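These figures come from a predicted structure and were not determined experimentally.
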Amino acid sequence: MSQTLQVVIVPSPGMGHLIPFIEFAKHLVHFHDYFNVTCIIPTIGSPPDAMKASLLALPPTINHIFLPPISFEDDRSDYSEVGNEVLISLAMTRSLPSLRHILKSLIETNNRVVAFLVDFFGTAAFDVANEFDLSSYLFFTSNAMALSTGFYLPKLDRMVSCEYRDLPELVKIPGCVPVHGRDIGEPFQDRKSDTCKLFLNIMRRFGLAKGIILNTFIDIEAGALKALMEEEEEYSGEVRPPIYPIGPLIRAGSSDHGPGSDCLTWLDNQPSGSVLYVSFGSGGTLSHDQLIELAFGLEMSQQRFIWVVRSPNDESANAAFFEVQSVKDPFGFLPEGFLERTKQRGLVISSWAPQIEVLGHGSTGGFLTHCGWNSILESVVYGVPMIAWPLYAEQKMNAVMLNEDVKVALRPKVHKEDDGLVIREEIAIVVKELMEGEEGKKVRKRMREILKDAASKALMEDGASRKALLKLAHEWKNQTAGN
């Protein structure tokens, strides 16, 4: 091909959404060498060092540009009460002038920009892309269940008047396992809130995309994907863009022991499949009382564990989303004597661990996870069964899917009489069941013998996800210059 084709991708702020965008770009340029990718990144504050390092390690066919950071510190509006979702959306909107300038420059120097991919939070950028006659795609970093919910909720919003958590019957989202109203995504639990209104407005713009790219695969979400592709009447009869499931795309693990190698060395000395990995993602936080219950629960279970722990927060379940913990005593909030009592079978790490390497290690036999979609896919790829412990966003729906639909996770019970906590006794029971019990054996067998294998096959040359990526690449290759 005489001239390289350019694809522009625009993730939202935060590593959790950047990772699948970058993995998509890597797959695109690896399998289709006539593409270059430019990643234009809106930011809130200065980009963290980990993000910069990840971007600098990319192949030369993937370039990145940081847009000027958006700050809310000098704004007259009071954003102290709004969630991270609102801040992310505002950052995307306020970055549009800078995005427009970068796009104009790219097109002037390379008129072969064939596609524009934007994050869920950035659908307002479709209007900017239209100014340059670019084909716009929604890159949806969650799963088909969340996307199906996104298309269905505007209809549900018109049908019911109460809060979703008060609905007496299960909500039947097209193609998905039915869920309680309380398990619908966290942003929708207060229907009068700015966050709920924001998400509904975003979702009403999904249909403006030329296509929707999903980091999922058919065998894990066959029903939801079928509904999205076929069942228009279930979504108020609206016509939806084509769906391209191209996953599971996850970060590649490092072959050398870099930062965090102490925990890998510790794993080397543990029996095969004996360790429970406990992590709540890059942003998840527990309340102080819940953290104490988790500590005692892990101790009572008598199981081996690696726990990535960060300071508790009683106000927010994702307080660490934009902040890196930096305290003099990173374990000072743990129960007195906990580290000493568990040192023979447990390892506690502050804030971060090399998750891919931990999940891929032979000694890891389970994963207690916040049910973020990136973490779920990583666990599936490495065949590690889960304990579902959702915190925010769409994670409660993910937990229902993992536990009741695909059946690769156990889920502890929340005790309302104990202030909504998962108490230590329940934690100990579920941890021991996953690692040693009969139910644990069932979810482990299903994960390793069915889902892990299906995830691998989806990305093979004749796999459904590879074919979906090939279809996209051919569509973009055949476009007229500048469209």
Exercise for the section: Could you walk me through whether F126 and Y137 pass the ring pair (Phe, Tyr, Trp, His ring centres under 6.0 Å) test, one step at a time? Expected result: CA-CA 8 Å; F126 288 163; Y137 292 77; 9.3 Å; no
Exercise for the section: Give a yes or no answer on whether the side chain of S363 reaches the backbone of Q270 with a donor-acceptor pair at less than 3.5 Å. Expected result: yes
Exercise for the section: Quick one: sort the F120 and F206 rings into parallel, tilted or perpendicular, breaks at 30° and 60°. Expected result: perpendicular
Distance-only check: which donor-acceptor pairs under 3.5 Å involve side-chain atoms of residues 420-430, not counting sequence neighbours?
{"residue": "R424", "atom": "NE", "partner": "E293", "partner atom": "OE1", "Å": "3.1"}
{"residue": "R424", "atom": "NE", "partner": "E293", "partner atom": "OE2", "Å": "3.4"}
{"residue": "R424", "atom": "NH2", "partner": "E293", "partner atom": "OE2", "Å": "2.8"}
{"residue": "E426", "atom": "OE2", "partner": "K413", "partner atom": "N", "Å": "2.9"}

Practice task
Say whether, by atom type as modelled, one donor and one acceptor occur between the side chain of Q303 and the main chain of V275 under 3.5 angstrom.
Solution key: no
Problem - Any side-chain donor near an acceptor of the partner, N313 and T285, under 3.5 Å - result: no
Handout entry: Residues forming a ring pair (Phe, Tyr, Trp, His ring centres under 6.0 Å) with F139, sequence neighbours excluded
Key = F21, F24
Practice task
Nearest 0.5 Å please: distance from the CD1 atom of I19 over to the OG atom of S282.
Solution key: 7.0 Å
Exercise for the section: Could you tell me whether the side chain of E299 and the main chain of F338 form a donor-acceptor pair under 3.5 Å? Expected result: no
Fill in the blank from the handout: For P385 and V443 the tightest heavy-atom approach is CB-CG2, 3.9 Å
Handout entry: Neighbour count >12 (heavy atoms, 6.0 Å) for atom NZ, K26
Key = yes
Fill in the blank from the handout: Between V10 and V8, the two heavy atoms sitting closest are CG2-CG1, 4.2 Å
Exercise for the section: List the steps, then state whether side-chain contact (heavy atoms from CB on, under 4.5 Å) holds for L294 with V278. Expected result: CA-CA 10 Å; L294 177 56; V278 182; 4.2 Å; yes
Handout entry: Pairwise side-chain contact, L214 with L225, heavy-atom cut-off 4.5 Å (strictly under)
Key = yes
Practice task
Among T342, L368, V431, L347, find the one that has a side-chain contact (heavy atoms from CB on, under 4.5 Å) with F305.
Solution key: T342
Practice task
State, yes or no, whether a side-chain contact exists between L334 and L291 at a heavy-atom distance under 4.5 Å.
Solution key: yes
Exercise for the section: To the nearest 0.5 angstrom, please state how far the CZ atom of F188 sits from the OG1 atom of T195. Expected result: 10.0 Å
Problem - Any side-chain heavy-atom pair of C176 and M401 under 4.5 Å - result: no
Handout entry: R310 side chain vs G284 backbone, donor-acceptor pair below 3.5 Å
Key = yes
Problem - Student check: side-chain heavy atoms of S287 and D314 closer than 4.5 Å - result: yes
Practice task
Mark yes or no for whether S301, through its side chain, and L298, through its backbone, hold a donor-acceptor pair below 3.5 Å.
Solution key: yes
Exercise for the section: Taking the side chain as every heavy atom from C-beta outward, state whether Q189 and I184 have any pair of such atoms under 4.5 Å apart. Expected result: yes
Handout entry: Value rounded to 0.5 Å, distance of CG in L153 from CE in M203
Key = 5.0 Å
Problem - Closest non-hydrogen atom pair between D157 and R204, with its separation - result: OD2-NH2, 4.1 Å
Problem - Pair T364-Y382, side-chain contact (heavy atoms from CB on, under 4.5 Å): steps then yes or no - result: CA-CA 10 Å; T364 301; Y382 287 102; over 6 Å; no
Using residues 462-471 as the side-chain source, report each donor-acceptor pair under 3.5 Å to any protein atom, sequence neighbours left out, with the distance given to one decimal.
{"residue": "S465", "atom": "OG", "partner": "G247", "partner atom": "O", "Å": "2.5"}
{"residue": "R466", "atom": "NE", "partner": "L459", "partner atom": "O", "Å": "3.3"}
{"residue": "R466", "atom": "NH2", "partner": "L459", "partner atom": "O", "Å": "3.0"}

Problem - Main-chain N/O of M145 paired with T149 side-chain donor or acceptor, under 3.5 Å - result: yes
Problem - Distance in Å, E23 CD paired with L377 CG, rounded so as to fall on 0.5 Å steps - result: 11.0 Å
Handout entry: Non-hydrogen side-chain atoms of P390 and V400 separated by less than 4.5 Å
Key = no
Fill in the blank from the handout: Output for pair (I250 CD1, I376 CD1), nearest 0.5 Å, gives 13.0 Å
Exercise for the section: Please report the closest heavy-atom contact between S193 and D190, naming both atoms and the distance. Expected result: OG-O, 2.7 Å
Practice task
Measure across P178 and E404 and return the closest heavy-atom pair with its distance rounded to 0.1 Å.
Solution key: O-OE1, 4.4 Å
Problem - Side chains of L55 and K52 in contact at under 4.5 Å (non-hydrogen atoms) - result: no
Exercise for the section: Check step by step if side-chain contact (heavy atoms from CB on, under 4.5 Å) holds for I70 and T43. Expected result: CA-CA 6 Å; I70 300 298; T43 57; over 6 Å; no
Exercise for the section: Please check if the side chain of R446 supplies one atom and the backbone of L451 the other of a donor-acceptor pair under 3.5 Å. Expected result: no
Problem - Any donor-acceptor N/O pair, N403 side chain to A409 backbone, under 3.5 Å - result: yes
Handout entry: Stepwise side-chain contact (heavy atoms from CB on, under 4.5 Å) check, L391 with E186
Key = CA-CA 9 Å; L391 294 179; E186 197 68 26; over 6 Å; no
Handout entry: Short side-chain to backbone donor-acceptor contact, R444 and G365, under 3.5 Å
Key = yes
Practice task
State, to 0.1 Å, how close E436 and K441 come at their nearest heavy-atom pair, and which atoms those are.
Solution key: O-CE, 4.1 Å
Practice task
Spell out, as yes or no, whether a donor-acceptor pair under 3.5 Å connects the side chain of N398 to the backbone of C371.
Solution key: yes
Exercise for the section: Measure the CH2-CD distance between W389 and Q290 for me, rounded to the nearest 0.5 Å. Expected result: 4.0 Å
Practice task
Just say parallel, tilted or perpendicular for the rings of F121 and H17, cut-offs at 30° and 60°.
Solution key: tilted
Handout entry: Any V308 side-chain heavy atom under 4.5 Å of Q355 side chain
Key = no
